[in-house]
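Notes follow the structure.
Just so we're on the same page: letters track the sequence lines, and every chain starts at 1.
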Number of protein chains: 2
Amino acid sequence: MNLRQLKIFLTVCESGSMSKAAKKLYMTQPSISQTISELEQELNVKLFERMNKKLLLTYAGEVLKEYAKRISSLVEEAQSTF
Amino acid sequence: MNLRQLKIFLTVCESGSMSKAAKKLYMTQPSISQTISELEQELNVKLFERMNKKLLLTYAGEVLKEYAKRISSLVEEAQSTF
DNA sequence: GCTAATTACGAGGAGCGTAACTATC
DNA sequence: GATAGTTACGCTCCTCGTAATTAGC
């Protein structure tokens, strides 16, 4: 787990789709998809339910999302300090 | 800035030297040194005062250390959840 | 002379893009 | 057939280790 993954995960959560997240982050869809898969494998948990072309956060996903938000804001705060 | 850098920085802070941090992290001295240098360059701030073979945290270093502790513990908490 | 830190450089792996495929609307 | 996601693959760059250098005890 690293900040890059958390940032991408958060963006997917907020935008509701990988393609939208890709645009926001100026990345491609496959890279986003791959990163989410890696994160799921590393944590050994499913973060999204892939249903009918719609991404749905699992409970684990919701939990991680809250951590990701707190961690990211701390990091941004730290960076803006210097 | 990433979690790897923060982890290494914290270990150097806590152990008081790069060589001790290297042992703790099962890494080599040069890798530690390089990572600290990168962090200083990225944040454009000096984190340690190199005096007489002794590493001394600067004020900026102290500030970053606190952020690093909070961020790292959050990350560990998140990881231990899954 | 030994320990600690920095600098230089090369190898291996992570991360991203392109291309191709699958599937849902 | 258009949009969204996954899989495959290659290239680039990051990260680490080894080797060599500098400096303080």
Side-chain angles (χ1 to χ4, degrees), chain A residues 1-58 60-62 64-65 68 71-72 75-76 78-79, chain B residues 1-58 60-62 64-65 68 71-72 75 78-79 82:
Chain A
M1 189 162 105
N2 58 49
L3 295 180
R4 181 189 62 86
Q5 291 168 325
L6 290 183
K7 175 92 177 179
I8 290 174
F9 169 67
L10 251 188
T11 308
V12 173
C13 288
E14 290 164 354
S15 60
S17 89
M18 300 199 187
S19 50
K20 287 180 186 170
K23 285 180 186 170
K24 279 193 187 177
L25 297 172
Y26 302 99
M27 289 176 58
T28 58
Q29 220 175 45
S31 301
I32 304 292
S33 174
Q34 187 182 337
T35 301
I36 298 296
S37 293
E38 284 168 13
L39 197 50
E40 290 181 319
Q41 286 178 351
E42 284 178 24
L43 299 177
N44 199 32
V45 84
K46 199 151 77 166
L47 298 171
F48 294 102
E49 209 70 61
R50 279 82 162 172
M51 299 204 62
N52 300 340
K53 216 172 176 179
K54 194 83 174 163
L55 288 185
L56 206 66
L57 261 183
T58 62
E62 294 281 4
L64 183 62
K65 182 183 173 186
I71 293 168
S72 293
V75 170
E76 284 172 21
Q79 281 174 325
Chain B
M1 189 163 106
N2 57 50
L3 294 180
R4 181 189 62 87
Q5 290 168 325
L6 291 183
K7 175 91 177 182
I8 290 174
F9 169 68
L10 252 188
T11 308
V12 174
C13 287
E14 289 164 355
S15 60
S17 89
M18 300 200 188
S19 49
K20 287 180 186 170
K23 285 180 186 170
K24 279 193 188 179
L25 297 172
Y26 302 99
M27 289 175 59
T28 59
Q29 221 175 44
S31 300
I32 304 293
S33 174
Q34 186 181 340
T35 300
I36 298 296
S37 293
E38 284 168 13
L39 198 50
E40 289 180 320
Q41 287 178 351
E42 284 179 24
L43 299 176
N44 200 32
V45 83
K46 199 151 80 164
L47 297 171
F48 293 102
E49 209 69 61
R50 279 81 164 172
M51 299 202 62
N52 300 339
K53 213 173 176 176
K54 194 81 174 165
L55 288 186
L56 207 65
L57 262 183
T58 62
E62 295 280 4
L64 183 62
K65 182 181 172 186
I71 293 168
S72 292
V75 169
Q79 281 174 326
F82 305 103

Which residues pass the side-chain contact (heavy atoms from CB on, under 4.5 Å) test with [X], not counting sequence neighbours?
X: A:S17; answer: A:S19, A:K20
X: B:S31; answer: B:M27, B:T28
X: B:E40; answer: B:I36, B:K46, B:L47, B:R50
X: A:A22; answer: A:I32

Stepwise side-chain contact (heavy atoms from CB on, under 4.5 Å) test for A:L3 and B:V75: CA-CA 10 Å; A:L3 295 180; B:V75 169; 5.6 Å; no
Within 6.0 angstrom of A:K65 NZ, more than 12 heavy atoms from elsewhere: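 Above 12, so yes.
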Distance (rounded to the nearest 0.5 Å) between B:M51 CE and B:L56 CG: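 The distance works out to 8.0 Å.
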Using whole Å, what does the distance between atom [atom2] of nucleotide [N] and atom [atom1] of [X] come to?
X: B:M51; N: C:dA4; atom1: CE; atom2: C1'; answer: 16 Å
X: B:K23; N: C:dA4; atom1: NZ; atom2: C1'; answer: 11 Å
X: B:N2; N: C:dA14; atom1: CG; atom2: P; answer: 15 Å

Pairs satisfying ring pair (Phe, Tyr, Trp, His ring centres under 6.0 Å), at least one member in residues 4-44 of chain B, at least two apart: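 Every pair satisfying ring pair (Phe, Tyr, Trp, His ring centres under 6.0 Å) with a residue in residues 4-44 of chain B: B:F9-B:F48.
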Protein and nucleotides 5-9 of chain C: nitrogen or oxygen contacts under 3.5 angstrom:
from	atom 1	to	atom 2	distance (Å)
C:dA5	OP1	B:M18	N	3.2
C:dA5	OP2	B:M18	N	3.3
C:dA5	OP2	B:S19	N	2.8
C:dA5	OP2	B:S19	OG	3.3
C:dA5	N7	B:Q29	OE1	2.6
C:dT6	OP1	B:R50	NE	2.7
C:dT6	OP1	B:R50	NH2	3.0
C:dT6	OP2	B:S33	OG	2.5
C:dT6	O5'	B:S33	OG	3.4

Touch class at under 4.0 angstrom, heavy-atom based, for A:Y26 against every strand present: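 Answer is sugar-phosphate: A:Y26 comes under 4.0 Å of backbone atoms only.
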Stretch residues 6-14 of chain B: residues that reach within less than 4.0 Å of DNA chain C through a heavy atom: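 Within this stretch, nothing sits under 4.0 Å of the strand.
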Nucleotides bounding contact with chain A, strand DNA chain D, heavy-atom threshold 4.0 Å: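 Listing 5' to 3', DNA chain D meets chain A from D:dT3 to D:dT7.
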Test side-chain hydrogen bond (donor to acceptor under 3.5 Å, both in side chains) applied to B:Q79 - qualifying residues, sequence neighbours left out: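 Result, side-chain hydrogen bond (donor to acceptor under 3.5 Å, both in side chains) vs B:Q79: none returned.
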Helix axis bend for the helix from C:dG1-D:dC25 to C:dC25-D:dG1 - C1'-based end axes, five pairs, 10° rounding: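 Inter-axis angle at the ends, rounded: 20°.
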Partners passing salt bridge (charged side-chain N to carboxylate O under 4.0 Å, His left out) against A:E76 (at least two apart in sequence or in another chain):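 Applying salt bridge (charged side-chain N to carboxylate O under 4.0 Å, His left out) to A:E76 gives none.
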Residue list, salt bridge (charged side-chain N to carboxylate O under 4.0 Å, His left out) with B:E42, at least two apart or on another chain: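 Here no residue qualifies.
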Sidechain-backbone polar pair: B:S72 side chain, B:A68 backbone, donor-acceptor under 3.5 Å: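 Yes, because the side chain of B:S72 sits within donor-acceptor range (under 3.5 Å) of the backbone of B:A68.
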A:N2, A:I8, A:L6 screened by side-chain contact (heavy atoms from CB on, under 4.5 Å) with A:T35, the one that passes: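 Result: among A:N2, A:I8, A:L6, A:I8 is the only option passing the side-chain contact (heavy atoms from CB on, under 4.5 Å) with A:T35.
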